[in-house]
Amino acid sequence: MLLSNPFDLSGQRALITGSSRGLGFAMARGLAQAGASVVLNGRDNVSLGNAAADLAAEGANVTALAFDVTSPDSVEAAIEHCESEIGPIDILVNNAGIQIRGSLENFRHDDFERMLSGHVVSAFSVSQMVARHMIGRGRGKIINICSVLTNVARPTVAPYSAAKAAIANLTRGMAADWAPKGLHINAIAPGYFKTELNQALMANPEFNAWVENRTPMGRWGDVAELGPVAVFLASKASSYINGHILYVDGAFTAVV
Ligand code: GCO
């Protein structure tokens, strides 16, 4: 007898933070294509509504849930609303984050705190609220978003790199505490992808040439290539993978 499709997410519900555009939207689309109901998140109701309408037009079961991932009160209210009014969260993708580039000696203190809050504290507070429900059900999938800048850095992005390194060990710590309770917590570490966050880099001929030469596959990633990876980590296909950082980077971190 053929086994059921291990990548099928039918009957599952996924909350993806920061999913109005870019990597978050692409992962939400991929999870929806695998059968999941998706809950999109962002702070701007207009762009969130447009993103939800786009996915609904493709046949996705989609709900928009605007809340500020950096506000613990907003997070708690949103997760309780989702669990009670929309449905249980089976899959959480902590994608929300910001990028601020600048020389470290001139980097504003408040911007550094925004970077840590936007990436690390938000992943902690959203995951904590969702995990309390997942633990009660004895199952759940959490996917954090790291970067090729998790273990290496480059000039002008030290705060971002520090935040992503923290996400990596937060992923491992979540697995340590929550894998025994039936949860799976992993991270995706994207290489250089064509996103709005990277528009300025893509438009810079020197930086574009650097990415193409530094990446053995010789190109930027396309956000559509990330959806299937999120499906893999959200599905039964990764049933014995926990605490893992999965690099999706065209071999960027495999070489010097
Ligand atoms: C940068 C980029 C990177 C990428 C991505 C790479 O300024 O170097 O914004 O941070 O966005 O994180 O994995």
Side-chain angles (χ1 to χ4, degrees), residues 16-30 41-42 47 69-70 93-108 111-124 143-172 186-230 232-233 244-256:
I16 306 95
T17 65
S19 48
S20 297
R21 60 184 188 152
L23 299 184
F25 181 77
M27 287 186 284
R29 172 180 273 156
N41 159 259
S47 54
V69 296
T70 66
V93 182
N94 288 305
N95 171 73
I98 59 172
Q99 179 59 292
I100 305 169
R101 301 181 184 96
S103 58
L104 200 52
E105 67 274 19
N106 298 317
F107 211 89
R108 289 171 52 91
D111 282 340
F112 194 96
E113 290 189 335
R114 279 179 59 217
M115 187 68 77
L116 295 183
S117 170
H119 288 273
V120 189
V121 180
S122 62
F124 159 69
I143 301 170
N144 295 322
I145 302 299
C146 286
S147 164
V148 288
L149 298 180
T150 297
N151 289 331
V152 294
R154 72 174 190 84
T156 75
V157 290
Y160 179 93
S161 179
K164 289 305 188 182
I167 291 281
N169 256 19
L170 182 60
T171 299
R172 299 180 179 106
N186 295 291
I188 295 172
Y192 281 89
F193 277 74
K194 297 175 188 169
T195 64
E196 294 85 346
L197 206 68
N198 286 337
Q199 280 297 344
L201 302 179
M202 292 157 61
N204 178 320
E206 290 77 26
F207 195 93
N208 185 59
W210 174 77
V211 169
E212 292 178 351
N213 294 324
R214 178 64 180 74
T215 306
M217 285 185 71
R219 64 177 176 83
W220 293 71
D222 185 303
V223 293
E225 297 177 283
L226 220 54
V229 181
F232 169 62
L233 290 177
H244 186 69
I245 316 291
L246 178 54
Y247 280 81
V248 186
D249 65 2
F252 186 99
T253 48
V255 298
V256 294

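Heavy atoms only: backbone and side chains are in, while hydrogens, waters and symmetry mates are out. Order of appearance sets the numbers: ligands from 1, and atoms from 1 within every ligand. The residues of the chain are indexed from 1 along the displayed sequence.
Minimum heavy-atom separation, Y247 to N151: OH-ND2, 3.0 Å. Smallest separation of non-hydrogen atoms from P190 and L23: CG-CD1, 3.9 Å.
The side-chain hydrogen bond (donor to acceptor under 3.5 Å, both in side chains) analysis of residues 17-29, with sequence neighbours excluded, yields the pairs R29-E58.
With sequence neighbours left out, R114 forms a side chain to side chain contact (heavy atoms under 4.5 Å, CB included) with I98, I100, D111. Legend: residues meeting salt bridge (Lys or Arg N to Asp or Glu O under 4.0 Å) with E196, ordered by chain and number and at least two apart, are absent.
Taking the six-membered ring wherever Trp is involved, the centroid distance between the rings of F207 and Y192 falls below 6.0 Å.
Sorted by chain and number, the heavy-atom contacts of ligand 1 below 4.0 Å come from Q99, R101, S147, V148, L149, R154, V157, Y160, P190, G191, Y192, N198, L201.
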